[in-house]
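Treat the numbers as computed from the prediction; the structure is a model and nothing was measured. Side chains are part of it too, since the values below use all heavy atoms of this structure and drop only hydrogens, waters and symmetry mates. Residue numbering restarts at 1 for every chain, and letters A, B, ... go by the order of the sequence lines.
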Number of protein chains: 2
Amino acid sequence: MKMSNGVEWALHGCVTLSQSRDPVPAARLAELHGTPPAYLAKHLQALSRAGIVRSTAGQVGGYLLTRPAAAITVLEVVQAIDGTSPAYRCTEIRQQGPLAVPAERCDRPCAIARAMASAQEAWYGALADITIADLAAGIDADSEGTAMADVRRWLTSTA
Amino acid sequence: MKMSNGVEWALHGCVTLSQSRDPVPAARLAELHGTPPAYLAKHLQALSRAGIVRSTAGQVGGYLLTRPAAAITVLEVVQAIDGTSPAYRCTEIRQQGPLAVPAERCDRPCAIARAMASAQEAWYGALADITIADLAAGIDADSEGTAMADVRRWLTSTA
DNA sequence: TAGAACTCGGATAGTAAATATCCGAGATCA
DNA sequence: TGATCTCGGATATTTACTATCCGAGTTCTA
Ligand code: FES
Ligand code: FES
């Protein structure tokens, strides 16, 4: 029940990208976040495959969000990095052992799987209600409204 | 974001134990569920440490629930097997890089960690609303009210 | 009361996943 | 046309999970 560590880097990266109108290279993001550049690049590729960011090659290339930050939910980012398979997986052990249930009666998921799936639905629903824009606003509030401005300045300064 | 596979075995085991008034050895549970006996024993030890089951040694020993099934939540079982650490962990990367936030201002968790923690709270809350008795009732309903009776019969038959 | 058999408990190998890294393919600008 | 900078997938290393074994302790029997 441990989420991949790259999810945090992806979330921070999306928040940073939401403050830039020009493509940002992976190496620049890694420098800002203090993370291994190559590994961050691998996660950005996953975001690209999921359609959350768009990549541009060449000298002035980099990554850019495909949609406004308010239209990207945290759930999308989590699923892009960590996969879409549910956390709890029923291995159908009810069909094994002396009291095995015949396969013909197992057309529906078992009661335990249904309960776990409904609980996870609550989790995913909560994640879907949070957008990248919400996260940026929260970080801004914690820093008295200067954090995002500092990010924008830094992105253009060393360019 | 993948939950340990032993959680399923622990849940099935607790449901089975809720149908027995006498201690059930780990080997018997493994036979009923078609699982590796030694590995299931390891997970039962975790349940014992968490105070969910009580172990008895000796010839007629085995495992037994410490409380009524209606007083044991699924959340307790999940946390006993998979650990209590939250799925999302903030590594405080906001304190690294050129725009590092000074440590004196990091007394509270960051905005991203707060959002993720609140979402997980929804998940844990849903898991805490489900008890082992609920799971047993659901399995019984799926089998037209015969599953739990079959379990009780099997537990006493080969004893 | 002594013995034997059965139980749990933690310590010990094997395997899959996640972490971290590298170099080649492709595109942009000079 | 050439050089430089970018992404992309293929490649090692480490961690965590999976699976297993044998010893310590307890109960029943003779
Ligand atoms: S059979 Fe075990 S959770 Fe469905
Ligand atoms: S600093 Fe990254 S989630 Fe808190």
Side-chain angles (χ1 to χ4, degrees), chain A residues 1-10 13 17 20 22-31 33-64 66 78 80-83 85 87-89 91 93 158-159, chain B residues 1-10 13 17 20 22-31 33-66 78 80-85 87-89 91 93 158-159:
Chain A
M1 200 172 51
K2 179 174 60 71
M3 189 177 294
S4 171
N5 196 0
V7 173
E8 181 182 0
W9 304 349
L17 287 178
S20 173
D22 299 319
V24 181
R28 184 66 47 86
L29 285 173
E31 181 190 358
H33 297 47
T35 58
Y39 195 23
L40 178 63
K42 180 173 169 54
H43 289 310
L44 287 172
Q45 290 170 26
L47 292 179
S48 177
R49 263 175 255 153
I52 297 174
V53 301
R54 202 66 182 173
S55 65
T56 313
Q59 277 181 322
V60 294
Y63 288 97
L64 208 59
T66 59
V78 169
I81 301 295
D82 217 71
S85 57
Y88 183 82
R89 55 186 159 175
T91 58
I93 71 177
T158 333
Chain B
M1 201 171 49
K2 179 174 60 73
M3 190 176 295
S4 171
N5 196 359
V7 172
E8 180 182 2
W9 304 349
L17 287 178
S20 173
D22 299 319
V24 182
R28 185 65 48 84
L29 286 173
E31 182 190 359
H33 296 48
T35 58
Y39 194 23
L40 178 62
K42 179 172 170 54
H43 289 309
L44 288 172
Q45 291 169 25
L47 292 179
S48 177
R49 264 175 253 152
I52 297 174
V53 301
R54 204 64 182 173
S55 64
T56 313
Q59 278 181 322
V60 295
Y63 288 96
L64 208 60
L65 295 181
T66 59
V78 169
I81 301 294
D82 217 73
T84 59
S85 57
Y88 183 82
R89 55 186 160 173
T91 57
I93 72 179
T158 333

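We find the CG-OH distance between B:Asp82 and A:Tyr88 to be 11.5 Å, quoted to the nearest 0.5 Å. A distance of 11.0 Å separates CD1 of A:Ile81 from CE of B:Met1, quoted to the nearest 0.5 Å.
Taking B:Asp22 as the reference, B:Ser20 meet the side chain to side chain contact (heavy atoms under 4.5 Å, CB included) condition, with sequence neighbours excluded. With sequence neighbours excluded, the residues forming a side-chain hydrogen bond (donor to acceptor under 3.5 Å, both in side chains) with B:Thr91 are A:Glu8, listed by chain and number.
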Just the table, please: protein N/O against nucleotides 28-30 of chain D N/O, every pair under 3.5 Å.
from, atom 1, to, atom 2, distance (Å)
D:dC28, O4', B:Gln59, OE1, 2.9

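Within the 4.0 angstrom heavy-atom criterion, only backbone atoms of the sugar-phosphate kind lie near B:Ala26; the bases stay farther away. Contact annotation for A:Gly6: no contact, since no heavy-atom pair falls under 4.0 Å across all strands.
Each of A:Ala41 and A:Met1 was assigned the nucleotide of DNA chain D with the nearest heavy atom; the assignment lying further toward the 5' end belongs to A:Ala41. Projected onto DNA chain C by closest heavy-atom contact, A:Thr56 and A:Lys2 fall at different nucleotides, the more 5' of which corresponds to A:Lys2.
One interatomic measurement links the two molecules: CG of A:Asp82 to P of D:dA16, which rounds to 15 Å at whole-angstrom precision. The distance between atom CZ of B:Arg54 and atom P of D:dT26, rounded to the nearest whole Å, is 13 Å. For the pair A:Arg28 CZ and D:dC5 C1', the interatomic distance rounds to 12 Å; values are reported in whole Å.
Along DNA chain C, the stretch of nucleotides lying under 4.0 Å from any heavy atom of chain A spans, 5' to 3', C:dT19 to C:dC29.
A close approach under 4.0 Å does not occur between any side-chain nitrogen or oxygen of B:Tyr39 and OP1 or OP2 of D:dT20.
Side-chain atoms of B:Leu17 and B:Val24, non-hydrogen and from C-beta on, do get closer than 4.5 Å to each other.
Using a 4.0 Å cutoff on non-hydrogen atoms, the parts of residues 42-49 of chain B near DNA chain C are B:Gln45, B:Ser48, B:Arg49, ordered by number.
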Using atom types as modelled, flag every donor-acceptor pair under 3.5 Å from a side chain in residues 34-54 of chain B to any protein atom, sequence neighbours excluded.
none

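Of all heavy-atom pairs spanning A:Arg89 and B:Met3, the tightest one is NH2-O, 4.4 Å.
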